[in-house]
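Below is one structure, written out as structure tokens; the observations come after it.
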Amino acid sequence: MKSILCVENVTKKFGGVAAVNKCSFDVTQGTITALIGPNGAGKTTLFNIISGIQPLDEGRMVFQSEDITGSATHEIARKGISRTFQLTRLFKNLTIKQNLLVAKEVSDVVLKKMLVSFGVKKSLSTKCTDLSYGQQRLVELARALLFPHSFLMLDEPTAGVNPFVREQLKKIIRCAAKNGTTVLLIEHDMDFVMSLSDHVIVLNEGCVLAQGTPAVIKKNRRVLEVYLGK
Amino acid sequence: MAFSAYLIHLGILSCMYVMLAISLNLALGFTGMLNLGHVAFFGIGAYITAILSMQGLPLWLTCILAIIGGLIAGILLAFPTARLRGDYLALATLGFTFIMAAIARNWQSLTRGALGIPGIPRLVASNEQYLFWISLSTVIVALLVSWLTKSSIGRTLQAIRDDELGAMVLGKNVFAYRMLALGVSASIAALAGFFFAHFITFIDPSVFSIDDLILMFAMVILGGLASNKGSVIGGVIIFLLPEPLRFIGFSSSIVGPARAILFALILIGMLVYRPRGIFGKVDLS
Ligand SMILES: Nc1ncnc2c1ncn2[C@@H]1O[C@H](COP(=O)(O)OP(=O)(O)OP(=O)(O)O)[C@@H](O)[C@H]1O
Ligand SMILES: [Mg+2]
């Protein structure tokens with residue numbers, strides 16, 4: 001099994017406090033990997049480090065056997081890393097169509113088909129501030145999927161979306177993985193994580209606490225203590 | 001001055017301001033850069049034109065060199081301000097305007113300082129012909145900018161304006177796009193400066209005046225951010241609005257402040273009743 005992303009000893013401090021602390025893990029190509037952990041564990045910070053938004057203090061990152069440590073965000077993206085944000089970041093004065101076209105130039109037909117398959121019943125010319133929060137999340141996900149990538153990072157995709165859309169999301173993510181995309185997702189919804197992922201990494205206070213298959217993680221006593229609160 | 005000559009005069013200056021408003025809107029409205037250096041690009045264009053045409057360079061060449069000079073100035077300004085946003089960018093670019101004004105005032109061997117440069121050759125003999133050329137340029141500029149802002153480049157500029165991070169994770173080189181917007185915007189402002197120098201035939205450091213900068217901002221805000229149509233309408237309205245004051249018979253010492261009060265009232269009225277301007281569709285926050 002080939003790893004597509006290696007995170008080696010990555011440390012990030014905010015004013016002396018390590019949000020991410022000597023963190024190392026590999027993401028295997030073609031899998032769905034979940035990154036879980038309590039609030040403030042450093043998950044989002046880790047995403048921002050991988051996409052080059054926040055500089056790291058120590059360590060390095062290798063993507064498809066290429067060192068991407070210290071590369072600019074747009075360069076890292078162009079290597080094939082696409083992502084969404086914990087709080088959606090749509091281009092607020094632009095329409096759905098314009099938002100999607102920034103990711104990739106495709107025809108209206110493709111865009112419409114995509115919206116339908118995501119269950120967003122809005123015309124392409126809708127301004128994205130006129131969408132509900134859940135719809136905004138879906139459009140952001142559609143945008144991330146349109147952008148040419150081999151690696152997809154999702155920061156809490158199910159936050160604020162209803163159970164029906166949640167099932168849609170599962171299908172969409174599974175479908176992406178089936179088509180060869182490697183997925184790394186942050187998620188608090190345990191049912192979602194356990195039913196979807198091949199591999200789970202548990203982060204606590206910036207360190208990797210445990211990792212393994214969902215079945216293994218579910219039984220890990222330390223994980224139960226710090227995270228699942230049992 | 002005969003009334004028709006007066007109208008031609010107004011037409012020429014309207015075109016000049018429309019070019020300035022369109023180009024400012026490219027940086028301000030479409031790309032979200034609070035650029036107070038815009039009047040400096042205009043002044044740079046005017047000075048390049050004046051200095052070179054006094055050396056006897058042909059018109060077409062001074063025109064091209066003024067545009068290139070503006071382009072280079074815009075690109076150069078993009079470097080030190082690369083990491084600045086919002087108010088900080090505004091302050092830094094205002095500083096750029098002051099520096100350019102100071103150079104024009106103090107580099108006497110080149111600019112004759114406060115004495116200014118008189119006797120700049122006219123572009124064409126008659127003002128009718130002048131109106132033709134500046135109208136043609138304005139139409140070309142308007143078409144070019146409207147094409148640019150509708151293209152995928154324009155879409156990316158607007159995406160960057162709304163959310164830089166969102167654009168970066170979609171592989172967009174934000175610095176390169178901002179540099180492009182500033183460069184194109186500056187070269188058009190410099191072209192307006194070229195026309196100004198040849199029309200007035202005299203320039204001095206007052207081409208870097210903050211009053212003109214405020215005028216340009218009023219035009220863009222009245223017309224609407226990120227609207228090329230708005231830049232045209234706003235440019236013409238703001239430029240022509242104070243003109244009737246001339247005919248009321250006020251002394252010039254009253255006309256100046258009256259203009260300023262008029263613009264202030266318009267801006268306050270717009271901000272209260274129509275913050276997006278006449279044609280604007282975007283909110284900057
Ligand atoms: N820009 C920042 N400046 C200072 N501290 C920060 C910054 N970003 C994150 N932190 C701190 O780093 C720690 C990790 O934050 P992070 O957002 O990565 O957590 P998380 O695991 O994503 O949590 P959640 O599940 O709540 O989203 C937190 O203690 C947070 O306060
Ligand atoms: Mg988070």
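Note: hydrogens, waters and symmetry copies are ignored here, and every other heavy atom, side chains too, is used. In what follows, chains carry the letters A, B, and so on, assigned in the order in which the sequence lines appear, proteins first and then strands, with residues in each chain numbered from 1.
Using a 4.5 Å heavy-atom cut-off against chain B, the contacting residues of residues 126-148 of chain A are Lys127(A), Arg143(A), Phe147(A). For residues 62-80 of chain A, heavy-atom neighbours of chain B at less than 4.5 Å comprise Thr73(A), His74(A), Ala77(A), Arg78(A), sorted by residue number. Against chain B, the residues from residues 102-113 of chain A that qualify, each with a non-hydrogen atom under 4.5 angstrom away, are Val102(A), Ala103(A), Glu105(A) in number order.
The distance from atom CD1 of Ile53(A) to atom CG of Leu165(B), rounded to the nearest 0.5 Å, is 4.0 Å.
Other residues, nucleotides and ligands place no more than 12 heavy atoms under 6.0 Å from the CD atom of Glu205(A). Applying the 6.0 Å contact sphere to NZ of Lys97(A) captures no more than 12 heavy atoms from other residues, nucleotides or ligands. For Tyr88(B), the OH atom sits in a loose shell: 12 or fewer heavy atoms of surrounding residues, nucleotides or ligands are nearer than 6.0 Å. The environment of Asn179(A) atom CG is dense: over 12 non-hydrogen atoms of other residues, nucleotides or ligands sit within 6.0 angstrom.
Contact annotation: the side chain of Asn93(A) approaches that of Arg161(B) to within less than 4.5 Å [non-hydrogen atoms, C-beta and beyond]. Between Phe85(A) and Asp163(B) the shortest side-chain heavy-atom distance does not fall below 4.5 Å.
Partners of Phe79(B) by ring pair (Phe, Tyr, Trp, His ring centres under 6.0 Å), not counting sequence neighbours, listed by chain and number: Phe175(B).
For the options Val174(B), Ile160(B), Asn173(B), heavy-atom pairs under 4.5 Å to chain A are most numerous at Asn173(B).
Contacts between Ala226(B) and chain A at a heavy-atom distance below 4.5 Å are absent for every atom of the residue. Of the atoms belonging to Leu101(A), heavy atoms from both backbone and side chain fall under 4.5 Å from chain B.
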